[in-house]
Protein chains: 4
Amino acid sequence: MKKNKPKYNMIIEAAVKVIAENGYHASQVSKIAKKAGVADGTIYLYFKNKEDILVSVFEEKMGQFIEQIKVAIMDKADAHEKLLTLIRMHFEQLAADHHLAIVTQLELRQSNLGLRRQINRVLKPYLDVIDAIIEQGVEEKTYQTDLTSPLARQMIFGTLDEMVTNWVMKEEKYDLVSQAEAVHRLLIHGLQAK
Amino acid sequence: MKKNKPKYNMIIEAAVKVIAENGYHASQVSKIAKKAGVADGTIYLYFKNKEDILVSVFEEKMGQFIEQIKVAIMDKADAHEKLLTLIRMHFEQLAADHHLAIVTQLELRQSNLGLRRQINRVLKPYLDVIDAIIEQGVEEKTYQTDLTSPLARQMIFGTLDEMVTNWVMKEEKYDLVSQAEAVHRLLIHGLQAK
Amino acid sequence: MKKNKPKYNMIIEAAVKVIAENGYHASQVSKIAKKAGVADGTIYLYFKNKEDILVSVFEEKMGQFIEQIKVAIMDKADAHEKLLTLIRMHFEQLAADHHLAIVTQLELRQSNLGLRRQINRVLKPYLDVIDAIIEQGVEEKTYQTDLTSPLARQMIFGTLDEMVTNWVMKEEKYDLVSQAEAVHRLLIHGLQAK
Amino acid sequence: MKKNKPKYNMIIEAAVKVIAENGYHASQVSKIAKKAGVADGTIYLYFKNKEDILVSVFEEKMGQFIEQIKVAIMDKADAHEKLLTLIRMHFEQLAADHHLAIVTQLELRQSNLGLRRQINRVLKPYLDVIDAIIEQGVEEKTYQTDLTSPLARQMIFGTLDEMVTNWVMKEEKYDLVSQAEAVHRLLIHGLQAK
DNA sequence: TATGAATGAGATTTCATTCAT
DNA sequence: GATGAATGAAATCTCATTCAT
């Protein structure tokens with residue numbers, strides 16, 4: 001978060017709302033400027049171009065998202081508790097911010113390859129957090145020792161992401177957060193009968 | 001697949017290639033027409049509008065994709081074998097068709113909510129196949145009896161989808177198909193140490 | 001009316017209906033062909049191009065329109081009766097054919113200068129009929145002797161045309177034919193008090 | 001006329017010229033923009049769409065047209081003088097502006113029903129002026145006391161409109177203004193011999 | 001004669017970005 | 001820093017007309 005740049009933040013917040021309400025392609029720069037209460041040209045004093053607004057939105061929001069999870073995980077003792085906390089917070093944060101959920105799960109995907117790569121870079125620290133939990137689990141012998149981290153991480157992230165997307169597509173009609181424990185159990189024990 | 005409509009298929013095939021190579025938004029109708037060897041106007045004899053091309057591409061290709069998997073699964077005896085076959089074929093088919101992989105994992109997501117819903121409708125039969133496997137597994141007592149199908153299905157589909165997307169984003173630098181067994185094991189046993 | 005050319009007439013009749021119902025610019029050749037029950041290409045066996053359809057529609061319909069008026073006037077003795085008959089029949093014929101009224105008063109005017117000139121040529125015989133009545137009236141000393149024919153004709157035709165157009169624009173909500181006598185009186189005596 | 005909007009007026013003036021020279025349908029927005037010395041997009045800062053240019057042209061020009069006539073009539077004493085002035089000015093103004101004459105008599109009629117209704121609304125104040133003259137004439141006992149205003153107005157306007165259209169169609173080869181007195185006499189006394 | 005699938009030119013409008021004030 | 005009027009490139013889709021059958 002750029003300090004002492006009130007307009008910067010006003011534009012970021014306006015962008016999230018406008019994109020969530022209108023969809024990515026109907027979110028003209030002029031609409032964002034209007035919602036932010038600045039002139040169109042002012043946008044370009046703070047952002048290189050329209051794409052840069054989007055990346056910045058994701059950076060700011062994802063930065064906070066990941067930070068919250070990191071803090072919450074910090075004082076959990078083992079991988080089990082950490083993973084459960086991560087899942088719960090992943091769901092909680094998106095369930096708490098309707099606009100953000102729409103933007104991250106639907107609108108931000110409507111972008112070209114270049115933008116997708118930038119988004120992936122922003123996402124990297126989150127994937128690192130997941131990797132760290134997996135490694136800790138392996139060291140604790142809670143998780144399988146032959147677990148390849150990328151594979152396990154893709155299962156975890158893929159599952160969470162698919163769940164949130166489904167929930168958004170279903171117009172958030174059901175409770176997402178209450179499923180955190182079940183998801184955790186399923187990821188830990190897999191499909192098989194005990 | 002519409003029979004006796006050679007132009008229809010020529011346009012579908014051209015569209016997959018052009019979209020994969022240029023991205024959806026840089027895929028002008030005229031570019032698709034040229035690649036298909038027809039006039040621009042001819043496109044509109046077979047498709048309502050540009051978006052309809054994209055949906056039709058997905059319908060045709062996904063139809064074949066699902067059909068292949070259904071056939072391959074048919075003669076497998078138990079849920080375990082069926083799931084492994086599904087995973088393997090999911091990876092194999094996308095690995096075998098570079099253009100299709102890009103279109104389904106990246107370009108198709110660049111669409112508005114309306115289009116997303118149409119895509120989900122096309123995807124539904126595939127999710128039904130996964131659900132059927134899960135139910136069979138539960139009946140066979142291979143899978144947990146308290147397994148809620150939507151949750152398990154979202155884990156399975158989410159994991160496969162995330163893996164393919166990652167692989168496409170990494171420019172298909174590594175072998176996807178060879179990971180099928182490991183993914184299957186992970187989905188079955190989960191993260192925990194045995 | 002071309003004899004022994006049933007398709008020619010089917011196309012003419014279809015064109016009047018399609019233009020009246022959809023307006024000139026929404027009357028595609030394919031729509032006229034469909035209404036006529038022929039293939040698009042068949043149109044071009046009978047008409048040079050789309051504009052030719054329009055001119056032909058006007059020729060055929062105006063031909064009948066004028067012929068009817070000529071016949072009705074023939075056995076009227078003096079200019080007064082002839083003019084009254086012309087006015088009444090002008091109103092009657094258009095009031096009796098809703099589609100024709102729309103086409104002549106509104107849709108056919110939506111054309112370029114070239115088409116307008118052709119339409120004027122078709123209209124010429126009607127203007128000649130009016131001129132003949134005026135000349136007869138002058139000879140009979142019923143009308144002013146210093147009457148310049150073009151001027152009087154423009155007053156007569158302009159008045160009738162304006163009245164019909166107004167009536168069509170007002171969606172034919174009132175009775176046009178019953179105004180014939182009043183119009184005739186006004187044209188004969190002018191605005192002044194007697 | 002919008003004040004302090006130089007571009008608005010530049011576009012209006014350019015539109016009249018371009019439409020008169022090329023016809024409405026061959027008057028591409030880019031052509032109007034070029035003649036006005038602005039970018040294509042600038043047109044859309046001042047007009048909703050292409051049709052709006054046409055309506056606005058008519059509003060501006062007709063507004064001035066009517067205003068001039070109103071002013072000229074104001075200090076005329078009786079209905080006779082007022083009507084003669086109206087006829088003379090109607091002819092004079094259109095004869096003085098070649099482009100405007102073409103646009104109002106020919107190009108403006110090439111429009112769909114919706115546009116026609118808008119044009120009629122703009123024309124309404126002019127028809128009101130004519131109605132007022134008729135009423136005054138009736139009160140003065142100069143005109144017939146049983147004169148129905150709409151009928152008389154349609155004769156007056158229909159005659160003037162037909163005369164100007166004919167003159168434009170004949171490529172303005174003869175003098176229109178010099179016919180004002182004769183038209184006035186004819187409208188007042190009608191066709192009959194004195 | 002009749003068909004109708006195929007053609008392809010052509011124009012409106014949007015909107016990210018700039019730059020003079 | 002802030003403004004917002006102006007720019008102008010770019011692409012979908014329509015529809016009159018053709019021509020091989």
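Reminder, nothing fancy here: chain letters follow the sequence lines and each chain counts from 1.
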B:Y24 OH to F:dA11 P, in whole Å, measures 13 Å
note: D:F47, atom CZ; E:dT14, atom P; distance rounded to Å ~ 15 Å
- Query: Does a side-chain N or O from C:K5 land closer than 4.0 Å to OP1 or OP2 of E:dT1, or not?
  - Reply: yes
query = Do any N or O atoms from the side chain of C:K31 and from the backbone of C:A26 form a donor-acceptor pair under 3.5 angstrom?
reply = yes
| Sugar-phosphate only, base, or nothing, as touched by D:Y46 at under 4.0 Å among non-hydrogen atoms | sugar-phosphate
Whole-Å distance, D:L54 CG to E:dT12 C1', equals 15 Å
note: C:K34, atom NZ; E:dT3, atom P; distance rounded to Å ~ 14 Å
Cation-aromatic face contact D:K50/D:Y24, 6.0 Å, 45 degrees
yes
Taken to the nearest whole Å, CE/A:M10 to P/F:dA2 is 10 Å
Taken to the nearest whole Å, CD1/D:I32 to P/E:dA11 is 12 Å
For D:R116 and D:R109, the nearest pair of non-hydrogen atoms, with its separation, is NH1-O, 3.6 Å
From the candidates F:dG4, F:dG8, E:dA2, the one with an atom nearest any side-chain atom of C:L45 is E:dA2
Between D:K7 and F:dA6, does any side-chain N or O lie under 4.0 Å from OP1 or OP2?
yes
Scanning all shown strands, the Watson-Crick or wobble mate of E:dG4 with both distances under 3.5 Å is F:dC19
The answer to which of B:K50 and D:D40 contacts DNA chain F further toward the 5' end, by nearest nucleotide, is D:D40
Rounded to whole Å, the NZ-C1' distance (D:K48 to E:dT14) equals 16 Å
Residue pair B:G37/D:G41 against DNA chain E: nearer the 5' end by closest nucleotide is B:G37
Comparing D:E51 with A:N49, nearest DNA chain E nucleotide closer to 5' gives the residue D:E51
From CD1 of B:I43 across to P of E:dA9 the rounded distance in Å is 16 Å
*So, is A:Y44 near the phosphate of F:dT3, with a side-chain N or O under 4.0 Å from OP1 or OP2?*
no
TODO: Quick one: do B:K35 and B:E21 satisfy salt bridge (Lys or Arg N to Asp or Glu O under 4.0 Å)? Show the steps, please.
DONE: CA-CA 12 Å; B:K35 178 82 104 186; B:E21 282 164 10; 3.7 Å; yes
Testing F:dA16, E:dT3, F:dT12 for proximity to the side chain of B:V29, the answer is F:dT12
Quiz item: Are a donor atom and an acceptor atom from the side chains of A:Y8 and A:E60 found within less than 3.5 Å of each other?
Solution: yes
Per nearest nucleotide of DNA chain F, the residue lying toward the 5' end, B:Q28 or C:S30, is B:Q28
(Q) Under 4.0 Å from OP1 or OP2 of E:dA6: is there any side-chain N or O of B:T42 that close? (A) no
